[in-house]
Structures are given as C-alpha cells and as structure tokens.
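Notes follow the structure.
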Amino acid sequence: ETAEGQCDVTTLVQRYRFGSLQPDTMVYGIIGWPITHRLSPVVHNEGFRAADIDAVLLPLPVLQGWESFKATMSVLLADPEFNLRGLCVTVPHKEHALRFVREAGGEVSDIAERVGAANTIIIGPDGALTADNTDAPAIIETLGCDPSGSRIALLGAGGAARAAIASLVEAGARVDVFNRGAERATALVEAMDNPMCTLGDLDEVSGYDVVLNTTSVGMEGGPDPDGNAAEELGLPDWVVEEAGVVYECVYAPRQTPLVQAALAAGTTVVTGEAMFLAQAVRQFRMWTGCEPSSDRWRQLID
Ligand code: ATR
C-alpha cells in the first residue's frame with residue numbers, strides 16, 4: 001500500500017519500470033498543472049518498452065506561472081546526470097515552453113512559432129533544446145475531411161484554438177471563431193492576421209463542414225462538465241446536426257455532451273483521443289526516431 005496521492009507499487013513497477021531504471025536511463029516528462037488524467041505516461045512508457053529503449057516518462061507537475069516553469073527547467077537541465085531528454089508540455093505551460101527554449105538560444109520550429117506555443121521539447125545528448133508543436137499537425141491528420149476549401153466553426157479562443165487555426169488556415173480552410181469572451185476572440189483573430197480566419201457571427205451562421213471544439217466545456221473536472229460547447233456558445237442545434245464532422249479536442253470523458261449530441265444526430269465524430277494519439281505519436285518519433293504501434297496505444301487508452 002502507498003499513501004494517498006502516491007504512485008502505487010504496481011504502477012511504479014509496470015509503468016515506470018522501477019527496478020530496471022539505470023543511472024543512464026533517459027528521462028522524459030510531462031509538464032503541466034494539474035496532470036491528473038494524463039495519458040502521456042501510459043503511451044510513451046509502453047512505446048519505450050516495445051522499442052527496447054532505456055527511457056522513462058514521468059509526470060512532472062509544475063505550478064502555473066512562468067517563474068515556476070523556468071525554475072523547474074533550469075534545475076532539471078543543470079544536472080546532466082538526470083539525463084532529461086524531452087518533455088510533453090501541457091496547460092498552462094505551452095507558451096512558457098516556447099519562451100524558455102527561445103531565451104535559452106534553442107531552436108523553435110516554424111509551426112511552434114506560428115502557433116506561439118510548444119507542446120514538445122526535444123533535448124539532445126549535448127543539452128541542445130528544440131521546441132515544437134505536434135498539436136497543430138495532429139488536428140489536420142485526424143480532421144476526417146480535406147481541410148482545403150472547407151469551412152470550420154471553431155469554438156474557443158485559447159491555446160488549443162490557436163494551434164488549430166494556425167494549421168487549418170495553412171491547409172487552406174476558412175475558420176470562423178466563436179468564443180464566450182468576445183475580446184479574446186477578437187484578439188486571437190487579429191493575431192492570426194489571415195483573411196481565412198474571421199470572427200464567427202451568430203446572426204449569420206451557415207452550414208459548416210467541421211464544428212471543432214477547443215474549449216474546456218464538457219471536460220471532466222473542468223468549469224462546465226455537463227455543458228455542450230456549441231450550445232453554450234449559442235450555435236443552433238442544426239449546425240451540429242448538419243456538420244460533416246464534429247471534432248472534439250476534449251478526451252475525458254470520451255463522450256462529451258457535444259459528442260453525444262452529434263452522435264444522436266448521426267454526424268461523423270472525431271473524439272479527443274484521436275487527436276491525443278496523433279500528437280503523441282509525433283512526439284515519440286521526434287524523440288526516438290522510432291514508429292510506435294498506434295493500435296497498441298489506442299488499446300491502452302480505450
Ligand atoms: P487551452 O489553452 O486549452 O485552449 P484556455 O486558454 O484556458 O485553454 O482556453 C479555454 C477556452 O475554453 C476559452 O476559449 C474559454 O472561453 P473564454 O475565452 O471566454 O474564457 C473557453 N471556456 C472555458 N469555460 C467555458 C464556459 N463555461 N463556457 C464557454 N466557454 C468556456
């Protein structure tokens with residue numbers, strides 16, 4: 001038995017390979033706050049095991065704020081014996097990750113630069129840092145239709161919205177942004193500075209090829225777990241019913257109220273775990289150069 005909040009022995013041994021870790025085992029982490037419900041340790045540790053790579057990925061809960069992020073990174077990187085080789089970065093640190101790598105003189109990928117946030121850090125054997133963003137290409141890969149020429153109703157104006165818009169407009173989609181807070185939506189559209197990305201107008205909604213939710217509405221433990229994101233933002237039901245695809249970024253629970261409504265209407269649905277898997281596969285490739293078994297990963301998180 002272990003104390004409340006501690007990792008139990010089975011998880012320590014099976015997921016984190018306690019007992020076979022060596023001084024030179026490569027260490028990866030998922031950095032965010034909070035990091036409960038995170039699937040990254042499950043899939044990446046399985047990937048390392050299957051590819052026979054001596055590495056482990058650990059949860060690294062780091063309080064919100066730039067100073068917390070910077071202090072943690074500085075300490076972890078200062079000790080070469082810790083052998084930190086890469087990070088998944090999640091809310092609220094994706095923008096901090098980009099800033100940290102830039103200020104440390106590392107490399108920032110074009111897509112991370114355009115999104116203004118990084119969800120992946122790669123650390124070379126010599127400590128060289130690279131910041132990248134695998135959320136953006138993962139959305140295109142799993143969209144369920146050809147983005148070129150498609151019309152997208154994008155719900156939300158936070159970091160996830162930014163990643164989606166940056167990749168969608170680049171792929172030739174037209175994106176209308178709907179958000180609870182008008183100021184934030186306006187700021188996002190202005191920052192994107194692309195005629196393909198405009199503010200959504202509830203008085204002029206028309207049919208959309210894709211309704212894409214990046215808000216935290218419907219998320220377990222979030223501000224509005226029982227809410228349907230499209231409804232909350234005032235979109236009429238027929239928009240979801242007639243959409244070609246409803247794309248949900250939330251993956252806990254598997255069936256958010258938006259997903260349930262779309263399924264009930266017979267609309268094609270892409271759920272959050274598809275995006276999660278696609279971005280995680282890309283991270284694993286970047287870190288290891290190996291191709292993980294996404295079928296096995298899907299089984300693990302189902
Ligand atoms: P992330 O980086 O994951 O996108 P975020 O920056 O906190 O997270 O953004 C959360 C998004 O969910 C925002 O678009 C937020 O709307 P506001 O900009 O108006 O805050 C949206 N959101 C959160 N709770 C909501 C709610 N109860 N109703 C509608 N939108 C909500």
Side-chain angles (χ1 to χ4, degrees), residues 30-40 61-66 68-69 87-99 111-112 114-120 131 133-136 138-139 152-168 175-192 197-202 205 211-237 239-240 246-253 256-259 261 271-273 275-276 278-280:
I30 166 155
I31 200 160
W33 186 269
I35 46 177
T36 50
H37 296 306
R38 291 292 169 194
L39 303 175
S40 300
V62 172
L63 277 176
Q64 55 268 59
W66 161 243
S68 311
F69 184 86
L87 292 162
C88 312
V89 186
T90 183
V91 179
H93 291 306
K94 291 184 186 184
E95 288 168 19
H96 303 152
L98 183 81
R99 177 174 167 191
I111 187 69
R114 275 199 301 281
V115 173
N119 76 328
T120 310
N133 190 308
T134 65
D135 290 331
I139 289 172
I152 317 253
L154 187 128
L155 317 183
R162 214 180 152 109
I165 298 170
S167 50
L168 287 166
V175 181
D176 288 354
V177 179
F178 296 89
N179 193 48
R180 177 181 57 181
E183 268 178 40
R184 205 167 172 202
T186 307
L188 176 64
V189 168
E190 280 173 7
M192 297 317 299
C197 172
T198 49
L199 274 180
D201 182 349
L202 285 175
V205 281
V211 174
L212 194 159
N213 178 42
T214 69
T215 75
S216 45
V217 176
M219 185 170 77
E220 196 176 285
D224 187 2
D226 300 323
N228 169 331
E231 238 172 67
E232 299 283 319
L233 294 179
L235 286 170
D237 291 349
V239 170
V240 165
V246 166
Y247 190 109
E248 171 65 276
C249 293
V250 172
Y251 63 74
T256 60
L258 173 64
V259 167
T271 54
E273 74 265 26
M275 179 189 165
F276 167 78
Q279 63 79 33

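Read the numbers this way: they start at 1 and go in the same order the structure lists the ligands and their atoms. All values below were derived from every heavy atom in this structure, side-chain atoms included, with hydrogens, water molecules and symmetry-related copies excluded.
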What protein heavy atom sits nearest [atom], and how far off is it?
atom	value
atom 23 (C) of ligand 1	Ser216 OG, 3.3 Å
atom 11 (C) of ligand 1	Thr215 CA, 3.9 Å
atom 28 (N) of ligand 1	Val217 CG2, 3.4 Å
atom 18 (O) of ligand 1	Asn179 ND2, 2.9 Å

Heteroatom distance test ([X], ligand 1): nitrogen or oxygen, under 3.5 angstrom:
X	answer
Gly159	yes
Gly181	yes
Ala160	yes
Ala157	yes

### Query
Just going by heavy-atom distances, which of Met219, Arg180, Arg184, Arg162 is nearest to atom 13 (C) of ligand 1?
Arg184
### Task
Without swapping roles, check the side chain of Thr120 against the backbone of Asn133 for a donor-acceptor pair under 3.5 Å.
no
### Message
Please check: side-chain N/O of Thr134 versus main-chain N/O of Gln279, any donor-acceptor pairing under 3.5 Å?
### Response
yes
### Message
Among Val246, Val250, Thr215, exactly one meets side-chain contact (heavy atoms from CB on, under 4.5 Å) together with Leu258. Which residue is that?
### Response
Val246
